[in-house]
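Written out below as structure tokens is the structure these notes cover.
Quick caveat, the model's predicted, so the values are computed rather than measured.
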Amino acid sequence: MSRRLRMWVLAVGGLGVAVLLAAAYLRLPGFGGDVHPYGERAVKASLARRTSNTIASVNFDQRAFDTLGEETILFAAVLGAVVLLRQTRDEHHVRPAPEKVAAAVRRYALIMLPVALLTGLYVIAHGQLSPGGGFQGGVVVATALHLLYIGADYRSLERIRPVGLYEVGDAAGEAAYLILGVAGLVGGSAFLANTLLPYGTFNTLASGGTVPLLNAAVGMEVGCAVVVLLARFLDQAVEIEKSTGTGKERGE
């Protein structure tokens, strides 16, 4: 394909997108008015399916397919980082020496670790009821584990962070979301349609149909993905060294 033909394809595609955007803008409600058709429909659908948190209803029910794309972007990004940061033939692991940690820092980090971990799990579990959810809670859980690196040393973190297990968890969270979507098709409905389970009692953990399940799948995927991503960067900064003709250099 010549450069001129590529530019024509780009121009036609850009013109099409511009026309669609202009048509959409013309149908938008007035800014700052008291009529909010999209918000009203989202809230109505959320209440109809017993989901207290309307944002969770939008993310994991009304536009669950879009959320699958967001989750897949993170999954692909972590996979790319793992491939790029993998240990090469001219690199080897060197066990880092333990570093001294101030008593106050150690005490605070070790106290906050279980608190932060429990908070992250709470945010995930109550995602369909209150602000938060799998994305936010997953990041909190992954961050909480790394307080052990701050309060103790890298070896202590490695003992509670078997990277292979978290890689499996990352893939399992992504797969669980897809399986729930396919289950909707098997059940005679649409992909990721919230029709598989009863909607339950409003404002309880078992409410919302498949919303809490999709939220939990995202929480597992995000938490494990962040742990794997940080593990690869920390390994490069702390453990992996490169052999050169004149000596050894840190593979950062």
Side-chain angles (χ1 to χ4, degrees), residues 52-53 55-56 59 70-71 74-75 77-82 84-87 91-174 176 204-205 212 215-242 248-252:
S52 304
N53 183 6
I55 303 302
N59 288 337
E70 297 168 4
E71 182 187 26
L74 176 60
F75 180 80
V78 173
L79 180 60
V82 169
L84 292 175
L85 296 176
R86 69 188 185 279
Q87 185 177 349
E91 294 178 339
H92 60 279
H93 277 83
V94 175
R95 298 292 292 174
E99 297 286 343
K100 292 183 178 180
V101 180
V105 174
R106 178 186 295 271
R107 188 180 308 112
Y108 180 76
L110 297 181
I111 291 174
M112 289 303 301
L113 192 155
V115 175
L117 183 60
L118 183 61
T119 300
L121 295 175
Y122 179 91
V123 171
I124 295 174
H126 292 75
Q128 75 276 14
L129 304 180
S130 57
F135 284 101
Q136 298 87 342
V139 174
V140 174
V141 169
T143 305
L145 296 178
H146 288 79
L147 288 174
L148 191 60
Y149 176 46
I150 298 174
D153 56 29
Y154 194 62
R155 295 184 182 182
S156 300
L157 173 62
E158 286 183 315
R159 284 195 290 269
I160 66 168
R161 191 212 58 189
V163 179
L165 182 62
Y166 285 94
E167 289 175 340
V168 172
D170 185 15
E174 179 77 11
T204 62
L205 285 177
N215 177 65
V218 168
M220 173 183 287
E221 195 277 331
V222 171
C224 292
V226 174
V227 169
V228 172
L229 184 65
L230 292 176
R232 295 307 178 188
F233 280 104
L234 285 173
D235 282 350
Q236 286 287 327
V238 177
E239 285 195 331
I240 295 180
E241 292 188 352
K242 181 186 296 183
K248 298 179 181 178
E249 295 180 355
R250 180 72 64 185
E252 298 180 0

Worksheet entry | Over all atoms of both residues, closest heavy-atom pair of D170 and A225 | OD1-CB, 3.7 Å
Item to complete: Indicate the atoms forming the closest heavy-atom contact of A144 with A116, along with that distance.
Response: CB-CB, 3.6 Å
Practice prompt. Report yes if the side chains of I160 and L148 come closer than 4.5 Å at any heavy-atom pair, otherwise no.
Written response: yes
Worksheet item: With a 4.5 Å limit on heavy-atom distance, are the side chains of V82 and V228 in contact?
Response: yes
Worksheet, complete the sentence: Tightest non-hydrogen contact, residues M220 and A172, listed as SD-CB, 4.1 Å
Worksheet item: Under 4.5 Å between any side-chain heavy atoms of L229 and Y166, yes or no?
Response: no
Worksheet item: In chain order, what residues pass the ring-ring contact (aromatic ring centres under 6.0 Å, His included) check against H146, with sequence neighbours excluded?
Response: none
Worksheet item: Partners of F233 by ring-ring contact (aromatic ring centres under 6.0 Å, His included), sequence neighbours excluded?
Response: none
Discussion item. Which heavy atom of V141 sits nearest to which heavy atom of L121, and what is that distance?
Written reply: CG2-N, 3.8 Å
Fill in: Where A142 and V227 come nearest, the two heavy atoms and their spacing
CB-CG2, 3.7 Å
Discussion item. Counting C-beta onward and ignoring hydrogens, is there a side-chain heavy-atom pair between L234 and L157 closer than 4.5 Å?
Written reply: yes
Item to complete: Say whether, by atom type as modelled, one donor and one acceptor occur between the side chain of N215 and the main chain of G133 under 3.5 angstrom.
Response: no
Item to complete: Could you tell me whether the side chain of Q128 and the main chain of L205 form a donor-acceptor pair under 3.5 Å?
Response: yes
Worksheet item: Side-chain contact, heavy-atom cut-off 4.5 Å: F135 with E70?
Response: yes
Worksheet item: Hey, are the side chains of L230 and R161 touching, using non-hydrogen atoms and a 4.5 Å cut-off?
Response: no
Worksheet item: Of all heavy-atom pairs between A56 and G127, which one has the smallest distance, and what is that distance?
Response: CB-O, 3.3 Å
